[in-house]
Structures are given as C-alpha cells and as structure tokens.
Amino acid sequence: MNTATDSVMTVKEVADYLRVNQRTVYRLAVDRKLPGFKVGTTWRFKRMDIDRWIDAQAGAGQPEHEAEGRQTGGKKKGS
C-alpha cells in the first residue's frame, strides 16, 4: 500500500536521500527548517513533504535577477 509519495522515512533515510549527514537532518528538523514529525522520541518524514521542501529550496536559491536572466537567455543589459 505504501507508494513513493506517501512513504515515511527515518533520519537515516532522509540523510541518504539528501546526501547529507544524519546530524544535518536532525538539526534542520529540530529547527523546523525541514518538515518532519516525532513518533515518540524519533523523527519521521513524509517523502512527499521532503520532495516539496527540495523544490522550495531549489527555487529560493536563485536571486530574482538571475532567474530572470536565465529565462530571457541570460544576456546582460548593455550587451
């Protein structure tokens, strides 16, 4: 019944998925920068939430003027 979009991941699985250290996942979760929830004393993460977080991070990393430049061919003014 579990599909890729509704599966629940552990800290280790998220760390492997993001290719970061487990401590990084834990720190981001505690700081509420990574979407997750606790079951007892352990953190769990929905894969769909992690994928949305990745998409949001990818979009947030581009300054507005760079994103516009890429859409218009990347030419600078005066070129």
Side-chain angles (χ1 to χ4, degrees):
M1 184 171 201
N2 271 352
T3 65
T5 58
D6 68 359
S7 63
V8 175
M9 303 167 72
T10 64
V11 169
K12 182 180 182 334
E13 291 169 331
V14 172
D16 291 344
Y17 188 58
L18 297 177
R19 296 182 183 168
V20 298
N21 190 287
Q22 290 182 40
R23 289 182 187 192
T24 301
V25 172
Y26 180 76
R27 180 179 42 83
L28 290 170
V30 168
D31 292 344
R32 294 289 185 201
K33 294 181 180 177
L34 188 66
F37 58 96
K38 288 186 98 173
V39 177
T41 60
T42 59
W43 282 95
R44 294 292 185 260
F45 307 86
K46 289 184 179 181
R47 183 181 300 267
M48 185 171 58
D49 291 342
I50 298 300
D51 288 338
R52 285 183 187 148
W53 179 83
I54 291 169
D55 290 342
Q57 298 304 303
Q62 294 181 14
E64 190 174 325
H65 66 278
E66 283 186 23
E68 289 174 4
R70 288 190 184 121
Q71 292 172 355
T72 60
K75 291 189 177 186
K76 294 180 184 177
K77 289 183 179 179
S79 295

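Every value quoted in this text rests on a predicted model; they were computed, and no experiment measured them.
Residues in residues 17-27 take part in no salt bridge (charged side-chain N to carboxylate O under 4.0 Å, His left out) pair, two or more places apart or across chains.
A continuous path of ILVMFWY side-chain contacts below 4.5 Å connects I54 to V25, so both sit in one hydrophobic cluster. Hydrophobic clustering of Ile, Leu, Val, Met, Phe, Trp and Tyr side chains at less than 4.5 Å, counting indirect connections, keeps L28 apart from M48.
Taking all atoms of both residues into account, the shortest heavy-atom contact from K46 to F37 is CG-CE2, 4.2 Å. The two atoms that bring W43 and A29 nearest to each other are CH2-O, 3.5 Å, heavy atoms only. F45 and G36 get closest at one heavy-atom pair: CD2-CA, 3.6 Å.
When side chains are defined from C-beta on, Y17 does not count as touching E13, because their heavy atoms never get closer than 4.5 Å. Within the 4.5 Å cutoff, the side chain of T24 has no heavy atoms near those of the L18 side chain.
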request  = Start with the C-alpha gap between L34 and D49, add the side-chain angles, then the distance that decides, and say whether side chain to side chain contact (heavy atoms under 4.5 Å, CB included) holds.
outcome  = CA-CA 9 Å; L34 188 66; D49 291 342; over 6 Å; no

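Partners of T42 by side chain to side chain contact (heavy atoms under 4.5 Å, CB included), not counting sequence neighbours, listed by chain and number: V39, R44. In this structure Y26 satisfies the side-chain hydrogen bond (donor to acceptor under 3.5 Å, both in side chains) test with no other residue, sequence neighbours excluded. With sequence neighbours excluded, no residue satisfies side-chain hydrogen bond (donor to acceptor under 3.5 Å, both in side chains) with K38. Annotation: side chain to side chain contact (heavy atoms under 4.5 Å, CB included) contacts of Q22 (sequence neighbours excluded): V11, K12, A15.
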